[in-house]
Trainee: 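Below you will find the structure I want to go over with you.
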Amino acid sequence: MKVDELPVDERIKKIIRDRGIEGLYPPQAEALKSGVLEGKNLVLAIPTASGKTLVSEIIMVNKLLKEGGKAVYLVPLKALAEEKYREFREWESLGVRVAVTTGDYDSTDEWLGKYDIIVATAEKFDSLLRHSPRWIKEVKLVVADEVHLIGSYDRGATLEMILSHMLGRAQILALSATIGNAEELAEWLDAELIVSDWRPVELRKGVFHLGTLFWEDGKIDRYPENWESLAVDAVKRGKQALVFVSTRQSAEKEAVSLSSKISRLLTKPELRELEQLISQIEDNPTTEKLKMALKGGVAFHHAGLGRAERTLIEDAFREGIIKVITATPTLSAGLNLPAFRVIIRDTKRYTDFGWTDIPVLEIQQMMGRAGRPKYDKVGEAIIVARTEDPKGLLGKYIQGKPEKLFSMLANEQAFRGQVLALITNFGVSNFRELIGFLERTFYAHQRKDTASLEYKAKDIVYFLIENEFIDIDLENNFIPLPLGKRTSQLYIDPLTAKKFKDAFPALEKNPNPFGIFQLIASTPDMATLNASRREMEDYLDLAYELEGNLYISIPDYEDPRFQGFLGQVKTAKVLLDWINEVPEVRIYETYNIDPGDLYRILELADWLMYSLVELYRLFEPKEDVLNYLSSLHLRLRHGVREELLELVTLPNIGRKRARALYNAGFRTREDIMRAKVKDLLEVEGIGIKIVEGLFKHLGVEMPGEAKEAEKKDGRKKGGTLDEFLK
DNA sequence: TATCGGCACCTTTAGACAGCATGTC
DNA sequence: CTAAAGGTGCCGATA
């Protein structure tokens with residue numbers, strides 16, 4: 001189908017043609033002819049990179065131009081939200097205003113009212129629904145990207161609830177990977193269904209076993225026995241490869257190993273570019289290995305890397321500077337990062353239940369990464385059989401069908417929060433109405449019988465009443481209580497809120513960081529570290545040493561919570577180090593964690609600490625305790641001791657610069673306002689740009705001497721910070 | 001007696017969403 | 001519930 005023939009606004013066609021697109025892919029054309037443009041719901045199950053985004057763009061913009069209102073685009077990852085936001089902004093030339101909102105970004109509900117397309121993570125939109133801003137009723141279209149995540153154990157329920165809420169209130173466009181029961185999903189959504197495996201780049205799939213590569217069409221290629229030759233071969237042919245493995249350690253090891261083989265194939269300019277790349281990376285134990293691998297044009301990619309490193313690697317791979325990435329599943333569902341050849345080294349994964357086969361759906365998504373649309377005629381996806389039977393892998397993952405999707409609404413933790421929200425935020429005022437709502441869900445559609453779900457809902461309602469989240473009157477009507485409302489808005493698990501509430505009496509008597517951090521770490525919303533076998537004794541000792549500061553009693557060795565408790569102690573200790581200004585690198589070394597792990601822990605602890613303070617407010621707070629908690633929250637956010645809290649509010653001043661300033665004698669805002677530029681520049685980490693920012697913020701005129709100082713800037717600074725850290 | 005190599009046993013294991021008020025090193 | 005790689009520590013052999 002030609003773009004010109006599209007039954008949409010002329011301005012849309014022009015923008016598409018300006019992108020260099022003249023014709024639509026068959027599945028795109030089919031989708032647009034399905035009736036979506038007339039307002040019908042649609043489930044579109046087609047491979048990644050076959051143009052789902054363009055279809056949704058056309059549908060969104062056409063609807064907005066025709067009817068006004070708003071479109072919401074839901075994604076599963078924050079990084080994906082940013083990516084889509086950048087893409088959609090192209091439509092701003094038509095007067096369509098685009099916004100992103102995730103936990104990282106702006107959240108003032110009414111602020112979003114000014115925008116037409118809102119890109120959001122599912123959880124963020126769920127949270128927005130709970131706050132019910134006025135503009136919600138203007139939402140006329142919801143696009144759910146990666147809708148198959150409805151079947152994800154921990155996050156599926158959220159998506160399912162959003163769609164249950166919006167079904168009938170807005171048009172729904174559900175974008176899915178190929179799944180086993182797309183019809184079922186479409187029936188539920190009262191939607192047209194389009195399934196296709198058409199791809200813009202041909203995909204060849206095969207299994208590699210001991211040097212033999214069995215293609216699905218029966219052809220056979222021979223390689224050296226080690227699977228690494230597949231990656232080396234791709235680079236030899238001037239292409240790139242993506243290698244999926246199951247553990248971080250493997251990713252790092254294989255990256256370094258491949259690097260030595262691939263560096264020989266690189267040209268001088270390529271090596272120089274890599275050197276340049278390496279010089280941009282900050283030093284820590286994790287990046288040391290990364291740098292080693294990068295010397296040969298290879299990188300590993302996993303959640304232990306910091307954000308800066310991740311984006312650096314992704315960008316350099318897109319530009320072709322990096323030839324091979326070895327990755328854990330971080331990359332399997334995330335960003336758009338295709339490569340000529342995808343090599344799947346592992347098809348098993350470690351979970352809470354031990355080692356399990358990775359679902360067909362996920363392996364197929366990894367394989368779908370093969371082939372760069374503008375550069376390759378074909379893409380190759382190869383599964384490596386090491387100990388497995390190659391025929392079995394071929395049958396299961398290449399010729400086999402992906403799994404069916406199952407509703408995960410009944411997942412206890414997710415359901416608990418959703419039931420609470422229905423009562424406190426969505427006006428469900430008795431059990432009958434609750435059941436009424438549940439009957440609209442995918443769970444009900446799929447299972448027909450909602451008896452077990454009702455049973456669970458009843459248990460949760462009792463739990464909520466017993467713990468004063470809600471009340472129930474004589475006519476069995478639900479009455480939301482402040483604890484329930486706040487818990488739902490804070491978006492924390494009711495169980496987390498209960499733990500906080502139960503701890504308040506003890507906390508009031510002895511507010512202290514260790515006890516509070518252990519409490520936070522014991523919460524189901526927190527990702528805790530695990531104490532390794534050899535660390536166990538250390539953390540047990542620490543727990544006994546600080547026993548008086550804990551708000552719980554230390555579990556017995558035989559207690560099933562024992563192992564978890566030690567992990568909580570370890571997590572609490574990391575947080576303790578953080579607020580005592582222990583340098584990051586030392587934290588990585590001491591606790592054997594990666595930068596990404598620390599970032600994650602801090603992000604969660606910050607959110608939960610805020611929630612703790614907010615909930616404490618509801619229970620006749622004592623002034624001094626409240627102040628203590630607020631101050632501890634700030635220390636946690638900035639990673640500083642109490643005395644730096646004032647400095648750290650200044651722009652561009654974090655824990656390091658604040659400490660350097662403080663030790664150099666600049667202890668308050670006034671100190672800085674009175675300071676000479678020359679003296680400030682003496683402080684480690686403070687350059688002319690920072691001083692300008694500080695003075696601007698404080699409303700101080702920049703004296704003329706500053707220009708002169710700028711020339712001198714760059715020489716060695718006094719080592720105040722190092723001195724402190726000794 | 002110090003050092004090395006082999007071998008059996010032990011240990012460990014992916015990822016990432018949410019609040020709020022504005023700017024890290 | 002369904003594994004496999006890397007690390008650790010012991011043992012004995014060797015110089």
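Naming: A, B, ... by sequence-line order, numbering from 1 per chain.
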Trainee: Does a sphere of radius 6.0 Å around CD in A/Gln563 hold more than 12 heavy atoms from other residues, nucleotides or ligands, not counting ones at 6.0 Å or beyond?
Mentor: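 Yes, enclosed.
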Trainee: Scan A/Gly354 against the nucleic acid and name what it touches under 4.0 Å (heavy atoms): base, sugar-phosphate only, or nothing.
Mentor: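 No contact.
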Trainee: For A/Asp352 and A/His638, find the nucleotide of DNA chain B closest to each by heavy atoms; which residue's nucleotide sits nearer the 5' end?
Mentor: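 Result: A/Asp352.
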Trainee: B/dC20 C1' sits how many Å from A/His633 NE2, rounded?
Mentor: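 The answer, rounded to whole Å, is 8 Å.
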Trainee: Taking the side chain of A/Arg155 as heavy atoms from C-beta outward, which of B/dC17, B/dA14, B/dG19 is closest to it?
Mentor: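 Nearest to the side-chain atoms of A/Arg155, counting from C-beta on, is B/dC17.
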Trainee: Hey, does the side chain of A/Arg659 come within less than 4.0 Å of B/dT24's phosphate (OP1/OP2), counting only N and O?
Mentor: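 The answer is no; no side-chain N or O of A/Arg659 sits under 4.0 Å from OP1 or OP2.
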Trainee: Please determine, for the side chain of A/Glu123, which listed nucleotide (B/dA18, B/dC20, B/dG15) has the closest atom?
Mentor: B/dA18
Trainee: Tell me: CG of A/Asp346 to P of B/dG15, nearest whole Å?
Mentor: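 One finds 13 Å between P of B/dG15 and CG of A/Asp346, rounded.
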Trainee: Test of understanding: with salt bridge (Lys or Arg N to Asp or Glu O under 4.0 Å), list the residues that count as partners of A/Glu388, not counting sequence neighbours.
Mentor: none
Trainee: Looking for any heavy atom pair under 4.0 Å, which part of the strands does A/Arg637 touch: base, sugar-phosphate only, or nothing?
Mentor: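 The residue A/Arg637 makes base contact.
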Trainee: Any side-chain N or O of A/Lys348 under 4.0 Å from OP1/OP2 of B/dT13?
Mentor: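 No.
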Trainee: Calculate the interatomic distance between A/Gln418 atom CD and B/dA18 atom P; express it in whole Å.
Mentor: 14 Å
Trainee: Pick out the pairs of N or O atoms, protein on one side and nucleotides 5-8 of chain C on the other, that lie under 3.5 Å.
Mentor:
{"residue": "C/dG6", "atom": "OP1", "partner": "A/Lys253", "partner atom": "NZ", "Å": "2.7"}

Trainee: I need the CZ-P distance between A/Arg486 and B/dA18, as an integer number of Å.
Mentor: 17 Å
Trainee: Rounded to whole angstrom units, what separation is found between the CZ atom of A/Arg533 and the P atom of C/dG9?
Mentor: 14 Å
Trainee: State which residues pass salt bridge (Lys or Arg N to Asp or Glu O under 4.0 Å) with A/Asp525; sequence neighbours excluded, sorted by chain then number.
Mentor: none
Trainee: Rounding to a whole Å, what distance do you find between A/Glu254:CD and B/dT13:C1'?
Mentor: 15 Å
Trainee: Among residues 604-616 of chain A, which contact DNA chain B at a heavy-atom distance under 4.0 Å?
Mentor: A/Leu604, A/Asp606, A/Trp607, A/Tyr610
Trainee: Look at the side chain of A/Arg600 and decide which nucleotide, out of C/dC1, B/dA14, B/dC17, has an atom nearest to it.
Mentor: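 Minimum distance to the A/Arg600 side chain belongs to B/dC17.
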Trainee: Is it the case that atom CG in A/Asn592 sees more than 12 heavy atoms from other parts of the structure closer than 6.0 Å?
Mentor: no
Trainee: Only Watson-Crick and G-U wobble pairs with both distances less than 3.5 Å should count. Give DNA chain C in dot-bracket notation, marking inter-strand partners with |.
Mentor: ..|||||||||||||
Trainee: Partner lookup for B/dG23, please. Criteria are Watson-Crick or G-U wobble with both distances under 3.5 angstrom; report none if nothing qualifies.
Mentor: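 By the stated definition (distances under 3.5 Å), nothing pairs with B/dG23.
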Trainee: Under the rule for side-chain hydrogen bond (donor to acceptor under 3.5 Å, both in side chains), what residues qualify as partners of A/Asn425, not counting sequence neighbours?
Mentor: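 Only A/Ser488 meet the side-chain hydrogen bond (donor to acceptor under 3.5 Å, both in side chains) criterion with A/Asn425.
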Trainee: Name all residues meeting the salt bridge (Lys or Arg N to Asp or Glu O under 4.0 Å) criterion together with A/Arg369; count only those two or more places apart in sequence or in a different chain, and write none if there are none.
Mentor: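 Scan of A/Arg369 (salt bridge (Lys or Arg N to Asp or Glu O under 4.0 Å), adjacent residues dropped) gives none.
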Trainee: From the set B/dG15, B/dA18, B/dC17, return the single nucleotide nearest to any side-chain atom of A/Ser127.
Mentor: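 The nucleotide sitting nearest to the side chain is B/dA18.
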Trainee: Looking only at atom types and distance, does a side-chain atom of A/Asp389 sit under 3.5 Å from a main-chain N or O of A/Gly392, one as donor and one as acceptor?
Mentor: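 At least one qualifying donor-acceptor pair exists.
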Trainee: At under 4.0 Å, does any side-chain N or O of A/Arg248 touch on OP1 or OP2 of B/dG15?
Mentor: yes
Trainee: Between B/dC20 atom P and A/Leu112 atom CG, what is the distance in whole Å?
Mentor: 13 Å
Trainee: NA contact type, A/Ser246, heavy-atom cut-off 4.0 Å: base, sugar-phosphate, or nothing?
Mentor: sugar-phosphate
Trainee: Just grab all the ring pair (Phe, Tyr, Trp, His ring centres under 6.0 Å) pairs involving residues 145-165 of chain A, residues at least two apart or on different chains.
Mentor: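 Listed once each, the pairs are A/His165-A/Phe426, A/His165-A/Phe437.
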Trainee: If I pick the P atom on C/dA5 and the same atom on B/dA16, what distance separates them, to the nearest angstrom?
Mentor: 25 Å
Trainee: Examine A/His697 together with A/Phe695 and report whether their ring centres are nearer than 6.0 Å.
Mentor: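 So the answer is no for these two rings.
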Trainee: Nearest-nucleotide wise, let me know which of A/Phe353 and A/Glu388 is further upstream toward the 5' end of DNA chain C.
Mentor: A/Phe353
Trainee: List the residues meeting salt bridge (Lys or Arg N to Asp or Glu O under 4.0 Å) with A/Glu160, not counting sequence neighbours, and say none if there are none.
Mentor: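 Residues passing salt bridge (Lys or Arg N to Asp or Glu O under 4.0 Å) with A/Glu160: none at all.
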Trainee: Looking for any heavy atom pair under 4.0 Å, which part of the strands does A/Leu602 touch: base, sugar-phosphate only, or nothing?
Mentor: nothing
Trainee: Given B/dG15, B/dA18, B/dA16, identify the nucleotide with an atom nearest to the side chain of A/Arg310.
Mentor: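 Nucleotide nearest to A/Arg310's side chain: B/dA16.
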Trainee: Could you work out, with side-chain hydrogen bond (donor to acceptor under 3.5 Å, both in side chains) as the rule, every residue matching A/Asp352, not counting sequence neighbours?
Mentor: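 side-chain hydrogen bond (donor to acceptor under 3.5 Å, both in side chains) list for A/Asp352, sorted by chain: empty.
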Trainee: Specify the residue among A/Gly304 and A/Gln489 whose closest nucleotide of DNA chain B lies further upstream toward the 5′ end.
Mentor: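 Nearest nucleotide further toward 5': that of A/Gly304.
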Trainee: Considering just the side-chain nitrogens and oxygens of A/Thr121, establish if one lies under 4.0 Å of OP1 or OP2 belonging to B/dC17.
Mentor: no
Trainee: At less than 4.0 Å, is any side-chain N or O atom of A/Ser532 found next to OP1 or OP2 of B/dT12? Yes or no.
Mentor: yes
Trainee: Can you tell me which residue pairs pass the salt bridge (charged side-chain N to carboxylate O under 4.0 Å, His left out) test with a partner in residues 599-619 of chain A, sequence neighbours excluded?
Mentor: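 Counting only pairs at least two positions apart or across chains, the salt bridge (charged side-chain N to carboxylate O under 4.0 Å, His left out) contacts touching residues 599-619 of chain A are A/Lys78-A/Glu603, A/Arg486-A/Glu614, A/Arg600-A/Glu603, A/Asp606-A/Arg637, A/Glu614-A/Arg617.
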Trainee: Can you tell me how far P in C/dC1 sits from the matching atom in B/dG19, rounded to whole Å?
Mentor: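 My reading of the P atoms in C/dC1 and B/dG19 gives 37 Å.
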Trainee: Give me the ring orientation class for A/Phe300 and A/His302: parallel if the planes are under 30° apart, tilted from 30 to 60°, perpendicular past 60°.
Mentor: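 The rings of A/Phe300 and A/His302 lie parallel, inter-plane angle below 30°.
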Trainee: Sequence neighbours left out, what passes side-chain hydrogen bond (donor to acceptor under 3.5 Å, both in side chains) with A/Ser246? Give chain and number order.
Mentor: A/Asp346
Trainee: Find the distance A/Leu335:CG to B/dA16:P and express it as a whole number of Å.
Mentor: 10 Å
